[in-house]
Amino acid sequence: MAFNSLLPSIVFQEVPGEITLCFSITGCRVGCKGCHSTDLWNEKHGSPLTNSGFSKWIERYQGLISCVLFFGGEWQADALIEKLQIAKAYGLKTCLYSGEKYVDIAITEQLDFLKTGRWVAELGGLDSPSSNQVFRDLCTGKTLNHLFINPSNNTSLSGAENVAA
Ligand code: SF4
């Protein structure tokens, strides 16, 4: 199964301690007020991300990356689960940034990390102590929001808190 994705990029701060290949999936229906990524609302944007195409992206960066991240895609659970299983088969960690508060357990079973919570400007993103958003290590059950806050100057270590979830 396939959903549409923008061109992937390598990111360094969205998943703490990991070098991550990041796919932004189009078709987001969460509709956060003040969303900075409205180009992700139209499911026709981007190109189909087939399983074979996804594997080719991983093989291109194999040895350089340690994790694969999806900005969204939980609205097509089967397509997302297939990609997560492929990533794990390559020995990579997996992460999902979702704007929802809860994510299907069939998806979370395939994840090492999960960010939940819609964008609420007044509360801020993961870099904000008052954020409604939560970043969890699902292997340990621990919340890792503190890793997104720089205690010395209280500036964000992540550029992703209002991107695709
Ligand atoms: S902030 Fe993220 S979850 Fe919210 S509408 Fe925009 S892309 Fe969707």
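The basis for the numbers below is simple: all heavy atoms, side chains too, and nothing from hydrogens, waters or symmetry mates. In listed order, ligands and their atoms are each counted from 1. Numbering of residues begins at 1 and proceeds along the displayed sequence.
Using a 4.0 Å cut-off to heavy atoms of Val30, the atoms of ligand 1 that qualify are 3 (S). Short contacts between ligand 1 and Cys35, defined as distances under 4.0 Å to a heavy atom of the residue, involve ligand atoms 1 (S), 5 (S), 6 (Fe), 7 (S). Interface atoms of ligand 1 facing Gly99, defined by a heavy-atom separation under 4.0 Å, are 3 (S).
Judged by distance alone, the side chain of Thr94 and the main-chain N or O of Asp112 form a donor-acceptor pair under 3.5 Å.
Under the 6.0 Å cut-off for aromatic ring centres, Phe148 and Phe135 qualify, their centroids lying closer than that. Ring centroid separation for the pair Phe23 and Tyr97 does not come in under the 6.0 Å cut-off.
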* **Test side chain to side chain contact (heavy atoms under 4.5 Å, CB included) applied to Ser98 and Phe70, step by step** => CA-CA 8 Å; Ser98 173; Phe70 285 89; over 6 Å; no
* Asked: Under the side chain to side chain donor-acceptor pair (under 3.5 Å) criterion, do Lys83 and Asn51 qualify, and how do the steps go?
  -> CA-CA 6 Å; Lys83 308 296 179 299; Asn51 289 347; 2.8 Å; yes
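At a cut-off of 2.8 Å, Cys28 does not coordinate atom 6 (Fe) of ligand 1 through any N, O or S atom.
In this structure, Trp41 is part of the shell of residues with a heavy atom less than 4.0 angstrom from ligand 1.
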